[in-house]
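Down below is the structure, laid out as structure tokens.
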Amino acid sequence: MISGAVNLAAIPIALLQLALFVFLAPLLIGVIRQVRARLEGRAGSGLWQPWRDVRKLVAKDPVRAADSSWMLTVGPVALLVSSLLLCVLLPLVGTLPLPLVPSDLFVIVSIMLIGVVALALVGLDAGTAFGGMGSSRHMTVAALVEPTLLLAVYALSIPAGTSTLSLIVETRLENPAVIISPVSLLAMVALAIAIMAETSRLPIDNPSTHLELTMLHEAMVLEASGRDLAWLELGSWLKLAALLGLLSNLILPWGVLTDFSVAGVLVGLAAVTVKVLVLGALLSVGEVFLAKVRLFRVPELLAGSFALALLAVTASYLVA
Amino acid sequence: MTSVAAGMLGQVLLMLTAVAAALLTSSRWRSRVSGILCALLAGAGVVTGALALFGGRGSLTIPTALPLDPLVLSPDRLGGLVMLVVSVVGLLASLFGIGSARVASASRTAWVSMAVFLFGMQLVPAATDVVSFLLFWEIMTLGSTALLLAHHATRGTVASALVWYSAMSQLSFFFVVAGFAVLAGVTGGTGFAALATLDPASWQASLAFVLLLLGFGGKAELVPLHVWVPRVLPEAPGHVAAAMSGAMVNIGVYGALLVCVRLLPNGPAWWGVLVMALGAVSALYGILQASVASNLKVLLAYSTTENMGLVFLGLGASVLLRGDHATGAADAALLAALLLMVSHAAFKATLFLGAGAVARSTGEMNLDRLGGLGSRMPWTAAAFGAAALGAAALPVTGGFVAEWMLLQALVHGSRVGGEVVSVTASVAMPLAVAVIALTAGLALLTFVKAYGIAFLARPRSVKAKQAREVPVIMRVPLAIGAILVVGLGLLPGPLAEALASALGPAFRPDVRTIGLAGIDARGIDVVLDPTTLLALAAVLLVPVLMAVLASARRHPTRVSPLPWAGGGSRLRPRMQYTATSYAEPLVRVFDDVLRPTRDVEVTHVGESRYLVERVHVEQSVSDVIETRLYRPVLILAQRFGVRARRAQNGSIHRYLSYSFLALLVVLIVVSL
């Protein structure tokens with residue numbers, strides 16, 4: 001089934017998807033920040049500020065502490081490459097499977113975890129209290145989020161009979177009734193919470209905090225500067241964009257390319273761009289009304305989402 | 001004589017030579033001569049195991065005067081696989097021992113028992129009958145017990161660890177003997193072929209299954225029989241711990257495979273549920289304890305419990321699913337268990353050897369006092385890092401492939417062709433997936449902590465600061481181990497084909513090699529090609545690297561003497577996060593299970609309540625199972641001992657009356 005339907009058109013589409021997301025990810029962050037700024041009554045720094053930040057960081061001399069190691073240089077690159085791999089493998093523009101590397105859920109999660117580990121090691125590398133603190137919290141959240149993540153997509157995989165994400169999206173496209181089934185809704189809520197935790201958004205982490213003691217993600221990148229920081233930021237943004245793209249394709253699979261055609265590619269590109277940006281804006285609106293929960297309340301939140309995911313899986317056996 | 005038989009005979013001869021050499025050589029040459037001979041012994045095991053795995057046959061018959069079936073050593077494919085795996089680990093451990101064994105761990109006893117231990121371990125999987133199985137099992141246990149004695153003179157904790165180890169291994173042995181006795185009693189033979197004739201649905205089969213499972217589970221360090229592990233392995237020298245945790249546990253797995261695949265295949269569903277539950281509890285408990293451990297060897301020891309738990313989870317799933325006729329997924333789960341066993345042997349041996357290298361260079365196993373070893377011991381750091389990736393099941397390592405296979409088998413297990421296979425499976429599979437996911441997440445934290453705290457950041461003690469890289473003879477096995485960890489992950493296709501063939505005619509997972517040595521599991525219709533994935537990552541790396549290089553040419557990295565640290569400039573290494581603080585959030589989240597004891601002592605300056613002179617924080621996490629399950633039993637036994645003392649007051653009359661009573665009882669029993 002998977003190996004049989006090898007389609008060479010998948011390769012250029014994957015490249016287009018990659019190029020689109022590298023362009024889109026900073027823009028998405030720009031949209032999120034701008035929407036938030038407007039809702040809070042500020043002018044905001046404009047949609048293109050994240051792009052300008054990356055350009056500025058690449059054009060600076062990185063400074064590293066004397067006791068830090070090669071990890072401070074390699075970690076950010078590893079995070080960036082893992083995020084780029086996500087952008088290639090996930091079914092965002094189209095669901096055509098790449099030869100030999102299907103968008104297998106478990107492979108996707110482990111690629112994402114490489115980025116998580118790289119970031120955690122960067123946090124430990126300089127040997128400061130804040131870096132270690134961020135790294136420890138980040139890994140604790142990542143460890144607790146994993147059961148939810150896997151169970152949620154397990155629930156989604158049951159109607160399709162496979163853990164390959166492109167086939168899951170195709171099944172939902174062919175049979176939209178699946179999308180609004182209770183199983184799917186429960187699983188989507190659980191998945192959404194898991195993705196918020198994975199990408200360090202509110203209410204688990206506050207991406208715009210300036211107070212080190214409350215930081216998760218930001219504490220780990222404190223010691224990075226110049227291009228190292230640029231890769232860390234870009235990698236995290238790409239991960240957020242790719243996961244939001246996946247989420248939007250699971251909720252609204254329409255517009256996704258299933259058979260190769262030039263018009264279809266254009267529609268696919270436009271559809272995913274709109275979906276990601278709209279979802280980003282909605283996320284931003286939601287975040288205005290949320291406060292970061294205490295670190296030791298996070299497990300409760302994750303346990304709740306885990307319960308939803310488990311309910312989704314067991315419900316799928318009862319309902320079907 | 002076939003080559004397999006010659007290989008086994010060679011192992012016997014090499015063991016005898018190694019024992020003789022260890023006894024006769026002077027202390028100056030002993031480690032070198034014995035180490036090389038042990039390596040040759042393991043090498044013979046590697047060759048014999050590989051031959052048997054790829055279909056070679058041959059047997060050695062040991063004549064006995066006992067009224068039993070003759071003792072025949074003849075490894076089948078599965079036995080060959082296990083012999084190969086334990087021998088490879090034995091080879092690495094022996095090579096490492098040449099360089100690392102010093103003073104106490106290089107004594108005559110140590111090297112004699114190393115040879116005996118390796119020999120016993122390598123020949124357990126060759127046994128084809130109960131008696132030879134138990135014989136080599138006990139040779140292995142005896143060898144490992146004597147090996148642990150090495151540091152008994154300098155460290156007081158060794159004696160108590162050894163008592164625990166002996167007691168627990170004899171408990172395992174008792175269960176195994178009892179289990180085999182039930183089987184042999186019902187079937188009337190001691191050969192494995194004779195034992196396999198028992199109907200798995202009978203109650204005797206169930207009794208034997210539970211007894212054997214407990215026995216083999218004990219050797220595989222499963223909860224609740226794992227209590228010896230965190231005491232024993234930290235006391236063992238690095239190469240011994242590697243051989244025990246990387247190789248000996250596989251003998252436990254082999255025993256369980258022997259039961260589930262050869263002796264009692266197609267057992268009832270509840271066997272599968274029992275094995276899965278045992279595995280799931282072990283996996284979760286093991287990794288929770290590992291994630292909060294600060295001693296590197298304790299951390300690795302508990303992580304073995306976790307990995308063996310996952311192996312048994314896979315094994316149990318295969319028994320359960322086979323009962324539900326989901327054969328494709330059942331075979332995939334069995335294959336996953338084998339993949340886990342093989343990859344665990346590679347990464348755990350490397351991790352323990354790495355820990356041994358750290359111990360030799362710093363004399364310190366407490367992560368809270370390590371740090372910054374990455375720049376001081378680059379070889380060790382690289383090997384430990386690769387193995388840690390394997391233990392955290394990240395691509396591209398053997399550990400990742402194994403866990404991927406297990407998850408796929410579970411996800412595809414609850415339904416066949418869209419139909420739910422059984423209620424049990426549809427509850428057990430999601431729970432198992434959740435357990436594996438949490439285990440994998442915690443393993444990630446555990447090994448980020450182990451690597452990050454020990455090898456990154458700044459040294460937290462003088463010893464860590466003065467660490468030097470270990471000699472070449474110790475780097476070689478580390479490098480081989482690291483290459484194995486990554487190699488198993490890059491070539492899963494051929495590996496899975498070999499493992500599938502080892503399972504023999506009745507169980508034969510349908511796997512093929514696809515793409516660049518990728519794995520294609522036809523039974524559950526999934527593919528994974530790590531090499532292609534790596535190639536794709538390499539393609540994506542090219543533009544990133546070009547950007548890095550272009551930027552680096554114009555903007556070179558500047559080195560500042562101090563980290564920024566949020567503006568704090570007077571940073572001492574003691575102000576870094578330690579392993580204990582790293583795991584602190586986790587201890588809080590799971591404090592119901594871990595039950596940490598915390599003691600905070602604040603010393604104030606003079607009269608003031610607000611000025612603090614010193615804060616002393618002490619936290620320890622004890623093993624709940626030891627304190628709740630074993631302590632009461634031990635206390636009871638001790639009380640009984642104290643009572644029993646009253647019966648022995650030294651009076652000769654009393655002892656004579658005891659003898660008289662005993663004689664009476666015997667006469668009565670005989671006359672009945």
Side-chain angles (χ1 to χ4, degrees), chain A residues 1-3 58-67 69 71 77 80-81 84-85 88 100-102 106-107 110-111 113-114 117 120-121 124-130 132-133 135-137 139-140 142-144 146-147 150-151 154 157 161 163 212 222-223 226-227 295-296 299 310 313-314 317, chain B residues 372 374-375 394-395 400 404 407-408 411 415 418 420 426 430 433-434 437-438 440-442 444-445 448 452-453 456-458 514-515 518 520 525 527-529 532-533 536-537 540-541 544 548 551 555-566 571 573 575-577 581-582 585-586 588-589:
Chain A
M1 180 170 68
I2 299 160
S3 46
V58 173
K60 277 179 174 284
D61 293 357
V63 181
R64 71 173 183 89
D67 287 311
S69 69
M71 190 56 79
V77 172
L80 182 59
V81 171
L84 290 174
L85 259 179
V88 171
L100 293 174
V101 277
F106 300 119
V107 177
S110 58
I111 289 172
L113 289 178
I114 288 189
V117 167
L121 290 176
L124 278 173
D125 191 41
T128 65
F130 288 132
M133 186 185 70
S135 170
S136 154
R137 293 174 175 181
M139 289 310 300
T140 308
L144 297 178
E146 208 170 317
L150 290 198
L151 266 194
Y154 182 9
S157 78
S163 63
E212 287 93 344
L222 276 179
E223 294 301 323
R227 59 180 166 276
L295 182 68
F296 292 104
L310 192 64
V313 178
T314 39
Y317 290 109
Chain B
S375 53
L394 286 177
F400 164 65
W404 171 84
L407 283 167
Q408 288 288 9
V411 167
R415 288 179 184 226
V420 177
S426 53
V433 168
L438 185 57
L442 292 174
L444 217 55
L445 182 141
V448 164
I453 301 286
L456 299 179
R458 289 176 291 161
I514 188 176
D520 178 9
D525 199 19
V527 295
L528 174 69
D529 190 354
T532 310
L533 210 58
L536 189 61
L540 293 176
L541 185 63
V544 178
V548 170
S551 166
H555 307 285
T557 305
R558 283 190 279 137
V559 177
S560 122
L562 281 173
W564 185 66
L571 265 177
M575 293 167 76
Q576 297 174 93
Y577 247 47
S581 44
Y582 202 84
L586 213 61
R588 282 215 204 183
V589 172

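Everything quoted here is computed from the prediction, not taken from an experiment. In what follows, chains carry the letters A, B, and so on, assigned in the order in which the sequence lines appear, proteins first and then strands, with residues in each chain numbered from 1. Hydrogens, waters and symmetry mates are skipped; everything else that's a heavy atom, side chains included, is used.
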Query raised in the report: Picking from A:Ser163, A:Ala143, A:Ser157, which has the most non-hydrogen pairs under 4.5 angstrom with chain B?
Result: A:Ala143
**Report entry** Max heavy-atom pair count under 4.5 Å with chain B, selected residue of A:Val117, A:Val88, A:Leu295, A:Leu222
**Finding:** A:Val117
Query raised in the report: Between CG of B:Leu456 and OG of A:Ser135, what distance do you get to the nearest 0.5 Å?
Result: 9.5 Å
Need one label for [X]: side chain, backbone, both or neither, based on atoms under 4.5 Å from any heavy atom in chain A.
X	result
B:Val448	both
B:Leu394	side chain
B:Tyr582	both
B:Pro561	backbone

Can you confirm whether [X] sits close enough to [Y] that some side-chain heavy atom of one is under 4.5 Å from a side-chain heavy atom of the other?
X	Y	value
B:Leu438	A:Leu144	yes
B:Ser375	A:Ser69	no
A:Pro102	B:Val527	yes
A:Ser136	B:Pro585	yes
A:Leu124	B:Ile453	yes

Select one option (side chain, backbone, both, neither) describing which atoms of [X] are under 4.5 Å from chain B's heavy atoms.
X	answer
A:Met71	side chain
A:Arg227	side chain
A:Thr140	both
A:Leu85	both
A:Val101	side chain

Most contacts with chain A, counted as non-hydrogen pairs under 4.5 angstrom, among [options]:
options	result
B:Ala434, B:Ser426, B:Gly372	B:Ser426
B:Pro430, B:Ala440, B:Gly515	B:Pro430
B:Leu586, B:Leu444, B:Leu536	B:Leu444
B:Asp529, B:Leu445, B:Val433	B:Leu445

Which atom of [X] lies closest to which atom of [Y], heavy atoms considered:
X	Y	result
B:Gly452	A:Leu121	CA-CD2, 3.9 Å
A:Pro147	B:Ala437	CA-CB, 3.4 Å
A:Lys60	B:His555	O-CB, 3.5 Å

Requested in this report: Show your working on side-chain contact (heavy atoms from CB on, under 4.5 Å) between B:Val411 and A:Phe106 and close with a plain yes or no.
Outcome: CA-CA 11 Å; B:Val411 167; A:Phe106 300 119; 3.5 Å; yes
Query raised in the report: Got a donor-acceptor contact below 3.5 angstrom from the B:Ser551 side chain to the A:Val58 backbone?
Result: yes
Query raised in the report: Do B:Arg458 side-chain atoms and A:Asp67 backbone N/O form a donor-acceptor pair below 3.5 Å?
Result: no
Report task. Before giving the answer on side-chain contact (heavy atoms from CB on, under 4.5 Å), spell out for A:Val63 and B:Val559 the whole-Å C-alpha distance, their side-chain angles and the decisive distance to 0.1 Å. Result -> CA-CA 6 Å; A:Val63 181; B:Val559 177; over 6 Å; no
